[in-house]
Each structure stands twice: as C-alpha cells, then as structure tokens.
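Structure record follows, encoded as structure tokens.
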Amino acid sequence: MDLTEKLRTLWRTTPAISQNFPIKLGESHFEEFRITCNSCGCDIPDEHVHGRVSSVIPSVVSIEAVGLCQPCLLLIPLNIRLRSDGSAEFVQHGQWVKSFGVPTALLPRLGYQLVQFFRRTFCTR
Ligand SMILES: [Zn+2]
C-alpha cells in the first residue's frame, strides 16, 4: 500500500478527529486540532479532518490524522504526540521532534507551526 492509499484508508475508516477534543492530559488541556492546507492555505473544516487518538501511557496521547482539502483534492497527513507537560512532538524526516513546550491550549498556534513545516516539506511552489 503506498502512502496515498494509506492516507485514503485512514480518512475513510476513522471519524472526525474533533470528536476526541478537548483532550485533558494532567494539567494540560488541548482544545482543538487544526490542519491548514499547504496548497491553498485554507483551514480544513473539522468534519474533513479524520483520524485516531490513542494513549499507550497516561501522560501521552498520540494522534494520527489526515485532512482532506476538497478544493485542492489534497490529503494532508499529521502525526503528533501531545504530552501532559503541554508540549507536542511531530514527525519530521521520519523522526519524532519535540516542537516546543507550550503552556497548554495553544493548538491553533501549533497548527501554524505545522503549516510552516508542511509548507517546507510538501509545497512544490
Ligand atoms: Zn487546499
């Protein structure tokens, strides 16, 4: 299965990720989850961001998500870990990178960071 097919399958077989929010982790509170299209720059509507949320240990939540931008017909993957200290990690070049330590509830900002990351990584223009 190639990457595109994997993303399609994930999108088809999982519910809207917004159903899992807000996520409370210890003292940290993650209000929402946002993916912005790296082609047109639009926020992808909640109902078009699908994925799964899992927790292997109580202080960490893993999110595997994919957003569908309908105007661009683009699938945008996002793998991220949220930690109870309010920090987040995401995958960069196949490795988990701690992006920053945020004092909770700043996922819109986090979304922005990820947009920058995805633009650098995937935007061909
Ligand atoms: Zn788009």
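Ligands are counted one by one from 1 in listed order, and the atoms in each one are counted from 1 as well. Computed from a prediction, not measured in an experiment: that's the story for all the values here. Positions are given from 1, in the same order as the sequence printed here.
Hydrophobic clustering keeps V60 apart from I23 (ILVMFWY residues linked when any side-chain heavy atoms are closer than 4.5 Å, directly or through intermediates). V56 and I63 are assigned to two separate hydrophobic clusters, defined by single-linkage of ILVMFWY side chains at heavy-atom distances under 4.5 Å.
Checking side-chain atoms of K6 against main-chain N and O of R8 turns up no donor-acceptor pair under 3.5 Å.
Between V49 and S18 the shortest side-chain heavy-atom distance does not fall below 4.5 Å. Put simply, the side chain of C40 reaches to within 4.5 Å of the side chain of C69, judged on heavy atoms.
Protein N/O/S atoms closer to the Zn ion (ligand 1) than 2.8 Å number 4 in this structure.
Residues L82 and A88 share a closest heavy-atom pair of CD2-CB, 4.1 Å.
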